[in-house]
Amino acid sequence: MGKTLFDKIWETHVVQQIEDGPSVFYIDRHFIHEVTSPQAFKGLEQRGIPVFRPDQVVATADHNVPTLNQHLPIKEELSRLQVATLIENCKNHNIELYGLGHPYQGIVHVIGPELGITQPGMTIVCGDSHTSTHGAFGSIAFGIGTSEVEMVLATQCLMQSKPKLMRINVEGELQPGVGAKDIILYIIAQISASGATGYFVEYAGSAIRSLSMEARMTICNMSIEMGARGGMIAPDETTFTYMKGRKFMPQGEAFNEKVSEWSKLYSDQDATFDMEINIAASAIGPMITYGTNPGMGITVTGHIPTLEQIESSDRPSFNKSLQYMGFHPGASIRGQKVDYVFIGSCTNSRIEDLRQVAAFVKGKKKADDVEVWIVPGSKQVEQQAIAEGIDKVFEAAGFQLRQPGCSACLGMNEDKIPAGKYCISTSNRNFEGRQGPNARTLLASPLTAALAAITGKVDDVREYI
Amino acid sequence: MKSLSTITSTAVPVHIENVDTDQIIPARFLKATSRDGFGKNLFRDWRFENDDENQQKKDFILNNPLFSGKILVAGKNFGCGSSREHAAWAIKDYGFDVVVSSFFADIFRNNSLNNFLLPVQVSEDFLQQLFSAIEKDPATTLEVDLPAQTISLPSVGLTTTFDINPYKKTCLLNGYDDIDYLLSIRKEIEQHEKNMA
Ligand code: SF4
């Protein structure tokens, strides 16, 4: 019987199968950041053991860093301590750190692919659920907890049970103005925020194949928002072209040899999945969320469901969610006023996202009562944007181009949305309080967010391009 | 770290679905560099008005003195969202040893098991019966028997079984942890690296 892409990578990484238990699973690359690693290092110290393979660990500071004046000491004391602790731990354990001030610093899931650390066929983990992003290269990549961070630091291994496998096929052509973010928000709305729990997802089909690498990362990034452990896409020419020449890629002939190896990484014709879902790309419109989990998404021209459309057992959470958002069942969302626009996060902060936004807003001005924050995913993205003059376009439009970090995606630094305000955000989570206590988040694509920046409200980008 | 076996206790019903880890412990409390003290910020924004410990939200169950115990009973898809282990630390630190739900997010389940917090998954039906029994009488006792893999409500004679990976069960019962095991097979890990090179 044929093997799936997942199987092919899984099998070569099992060190040992524990009887009636999980597998001891070998990890090729381990990313760490300041928030979920300090307790893991403490654990190592208590055990008196070193980091097992420091060369396979890469660190950055992203979750907690300010996005203005990064050259100054961090103001907030606890944040400063956390970043200082990371620097200290990396120094003591010989781990490469791309911290503040380093030309490679940025959101962990942006810098890994950008630097060519992320490669097909690898197993990749990080103490962060959006590690699934790296699956876009045909790797098994997933988020882990801090105890597991400690395990990987100590032994380069994890205890893992093999997940069930799901394939989501997106076939056909997308409408103009509709992109990767809309595809994934649509999928999550279809199968719900828990619809893929227990599964690892492979995305396939002509619509996925036609996407750029950065767009594929956007898709894989949000796999966790439907409960999946991770998402992946088989590598192809698009993948190889993107990777070629990147900093930590094999170069020259060595790269070509790797490509022929990587070209075997796909699900065989006769491979079977525990679940398969088919989606028609043409059915997808620009998406927006109205509630407090990423599964609560509709087309911008659609209506919030009425109570009758919600199963009675789900009504209490539905009502709680709408109450938090200040919305009513059955209402339309188009025309909803927004106060903040946040374009950033590991979902949509790459150079293509910024280019797309800049191309759309060039020559336009933001609405007067809207505040617009653009937070690039990495120092390299920021530099590229400046080199291309994108910063000037943003400035003319009244947008603030900030410095790289997670920023308002989770509001751990100063970048918080005030209570009660509406923020259209290109990030991945609209949970209560995610962007600040009582902040109201509407998840959307960079284009839909850019349009809202100009008009001050939720609108249909298809009518503007 | 302590082991778990049989837990007999009253329970606190958080009758809400899709409780994500941002609710369990909001991001602004993740700045600590140790594992301790997260309990006081458990469900922070549901417990307090304006982030002020002197302004308790009366309608949130953790602020209701009638309900207490070592068992947290919650709606389906508990622990979704962020991988932050701080969520499991906060629940454990607050004093819970068991979380019961009809569905758990994967990473949360792993994080719990790694912190001797037992996730007990029951059917939606059973969960609703638990909710109504506890909400009717907050003094209702639940019994979670890890060796037998059962959870019961002795007052109404209700019992059901739950699944747990046998390896993880052994770990919980004996206080073992994964790192000790992985360190003990270092030779095999090194051999694997050689084979792959
Ligand atoms: S940008 Fe947001 S989702 Fe991505 S790693 Fe940072 S906090 Fe997590």
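Letters go in sequence order (proteins before strands), and every chain restarts at 1.
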Which heavy atom in [X] sits nearest to a heavy atom in [Y], and how many Å separate them?
X      : Y      : answer
A:Y199 : B:D106 : N-OD2, 4.5 Å
B:T33  : A:L81  : OG1-CD2, 4.3 Å
A:S317 : B:E17  : OG-OE1, 3.4 Å
A:S147 : B:I179 : O-CD1, 4.2 Å
A:G145 : B:E85  : C-OE1, 3.1 Å
B:L182 : A:M151 : CD1-CG, 3.8 Å

Roughly how far, to the nearest 0.5 Å, is [atom2] of [Y] from [atom1] of [X]?
X      : Y      : atom1 : atom2 : value
A:F142 : B:S83  : CZ    : OG    : 11.5 Å
A:I18  : B:N165 : CD1   : CG    : 9.0 Å
B:N195 : A:T12  : CG    : OG1   : 11.5 Å
A:R53  : B:E190 : CZ    : CD    : 5.5 Å

Whether [X] side chain and [Y] backbone form a donor-acceptor pair below 3.5 Å:
X      : Y      : value
A:Q82  : B:A32  : yes
B:K31  : A:M412 : yes
A:E432 : B:Q23  : no

Report which part of [X] has an atom under 4.5 Å of a heavy atom belonging to chain B: side chain, backbone, both, or neither.
X      : answer
A:R434 : both
A:D314 : both
A:S79  : both
A:P22  : both
A:I49  : side chain
A:E76  : side chain

_Under-4.0 Å salt bridge between A:E150 and B:R35_ = yes
